[in-house]
Engineer: 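Below is one structure. I have some questions about it.
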Amino acid sequence: MAQIIDGKAVSAAIKEQVRDEIARDNIKAGLAVVIVGNDPASRVYVNNKKKACEFCGIKSFEYALPEETTMEQLLELIDTLNADKNVNGILVQLPLPKQLDEKAVIERISPKKDVDAFHETNVGKIMIGNYSFLPCTPAGCMELIHSTGVDVAGKECVVIGRSNIVGKPMAMLLLHENGTVTVCHSKTKNLAEVCRRADILVAAVGKPNFVTADMVKEGAVVIDVGINRLENGKLCGDVKFDEVSEKASFITPVPGGVGPMTIATLMKNTLTAAKIQNDE
Ligand code: NAD
């Protein structure tokens, strides 16, 4: 039976470190969060980010814009935030309403304030391993892997999913720690066979209960990034927890695994951004 990795505890420890450093060194840090429209899930995420800021001693500035906001209006706000000395990090909550071009919005954020690490400049820096900001969700997964004491070096690592925000940067971080990395996606043949090779298996697919026990090697570390809402309103991950936890050595639950880690990394990135900007 697998040990359950407690994402809440690991993330709480990271937020405490951020809070303590801010208090000890009297650092002024601010995060602007922009939300457009009325998506209920986005609202929950934004509220959680605000709460984490309060805990850490980071000033948060919220900009809630109406659904019908134009590109021009949103870009104008980003320009204002780029120039605002009280704002060290800018986060635009995705997804955006259809009329807005997400890529153009992200590219308008100053790379120095791009605490989500979505800007092309920061993505490139992650690729070459010379980065200031960690990509929030994959970095959170790495912290959870570290918390198990399992060394990534030389391990077979399989990531299911190749999105720009999770799968690809996750593969890169595992590679930076000398894992032997395979990235699987919707066109992968013999997926179960590839997954069974994994000492460390990361699922970022967005399909409930997608990873079943027959896809998992005995003793593997299983990290479940998926957040799926079932018809009964309950949240579940991409991994069939009951059966996979019988085989894995360590496993993350959903909720309470990767989810809280994303916000903890965001707090870390905002502190890093503040330190860099305050030194300029
Ligand atoms: P996405 O839809 O952009 O990517 C999904 C990936 O899964 C794609 O690369 C696709 O090729 C792959 N895929 C789809 N069907 C497949 C199949 N049959 N076999 C193999 N691969 C397949 O999603 P995303 O943004 O990367 O998010 C993935 C999941 O992680 C979602 O459930 C999302 O809600 C969750 N998520 C969680 C956090 C968090 O903080 N915990 C953050 C971001 C995303």
Side-chain angles (χ1 to χ4, degrees), residues 5-8 10-12 14-15 33 39-49 51-52 91-96 102-103 106 115-118 123 126 133-145 157-174 181-198 201-212 214-216 222-231 233-241 251-269:
I5 305 172
D6 186 348
K8 279 192 196 154
V10 180
S11 75
I14 293 172
K15 283 188 285 185
V33 180
D39 180 53
S42 291
R43 180 34 65 201
V44 172
Y45 293 138
V46 166
N47 288 347
N48 289 342
K49 286 165 189 173
K51 265 193 241 160
L91 180 148
V92 178
Q93 185 64 46
L94 303 178
L96 290 171
E102 284 184 0
K103 192 169 179 300
I106 289 166
V115 284
D116 258 336
F118 288 167
V123 173
I126 291 160
F133 301 130
L134 301 151
C136 292
T137 302
C141 294
M142 292 307 291
E143 293 277 2
L144 295 179
I145 294 168
C157 305
V158 173
V159 179
I160 323 176
R162 58 170 162 191
S163 70
N164 288 332
I165 62 166
V166 189
K168 282 187 208 163
M170 184 70 223
M172 217 34 81
L173 296 190
L174 289 163
V181 184
T182 307
V183 182
C184 298
H185 46 79
S186 52
K187 301 280 192 293
T188 298
K189 298 216 167 69
N190 306 323
L191 180 71
E193 198 183 306
V194 178
C195 290
R196 273 196 298 273
R197 294 208 302 256
L201 180 64
V202 181
V205 190
K207 292 191 172 158
N209 300 319
F210 182 81
V211 177
T212 45
D214 63 304
M215 298 166 75
V216 177
V222 178
I223 306 290
D224 188 352
V225 185
I227 303 179
N228 308 293
R229 191 157 302 271
L230 299 173
E231 272 176 21
K234 280 196 172 165
L235 282 186
C236 92
D238 289 346
V239 175
K240 208 164 186 183
F241 185 87
I251 189 168
T252 60
V254 177
V258 176
M261 297 301 296
T262 301
I263 294 185
T265 312
L266 178 70
M267 297 299 108
K268 234 173 143 171
N269 285 350

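When reading the values below, keep in mind they use all heavy atoms of this one structure, side chains included, and skip hydrogens, waters and symmetry mates. Whatever order the structure lists ligands and atoms in, that order sets their numbers, starting from 1. This is a predicted model, so every value here is computed, not measured.
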Engineer: Restricting to side-chain hydrogen bond (donor to acceptor under 3.5 Å, both in side chains), what partner residues turn up for S42, sequence neighbours left out?
Structural biologist: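 By the side-chain hydrogen bond (donor to acceptor under 3.5 Å, both in side chains) rule, S42 matches D39.
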
Engineer: Please name the residue in the list D224, N209, V225 that meets the side-chain contact (heavy atoms from CB on, under 4.5 Å) test with V239.
Structural biologist: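 Exactly one option meets the side-chain contact (heavy atoms from CB on, under 4.5 Å) with V239, and it is D224.
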
Engineer: Minimum heavy-atom separation for L174 and C157, please, with both atom names.
Structural biologist: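 Between these two residues, the closest heavy atoms are CD1-CB, 3.9 Å.
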
Engineer: How would you list, by chain and number, the residues with a heavy atom under 4.0 angstrom from ligand 1?
Structural biologist: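 Close residues (ligand 1, cut-off 4.0 Å): T137, I160, G161, R162, S163, I165, V166, H185, S186, L191, A204, V205, G206, K207, F210, V225, G226, I227, N228, V258, G259, T262.
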
Engineer: Hey, does N269 have a side-chain heavy atom less than 4.5 Å from the side chain of L134?
Structural biologist: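 A side-chain contact exists here, since the closest heavy-atom pair is under 4.5 Å.
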
Engineer: Between I165 and T137, is there a side-chain heavy-atom distance shorter than 4.5 Å?
Structural biologist: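 They are not in contact (no side-chain heavy atoms under 4.5 Å apart), so the answer is no.
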
Engineer: Is the shortest heavy-atom distance from the side chain of I14 to the side chain of M267 under 4.5 Å?
Structural biologist: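 A side-chain contact is absent here, since even the closest heavy-atom pair is not under 4.5 Å.
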
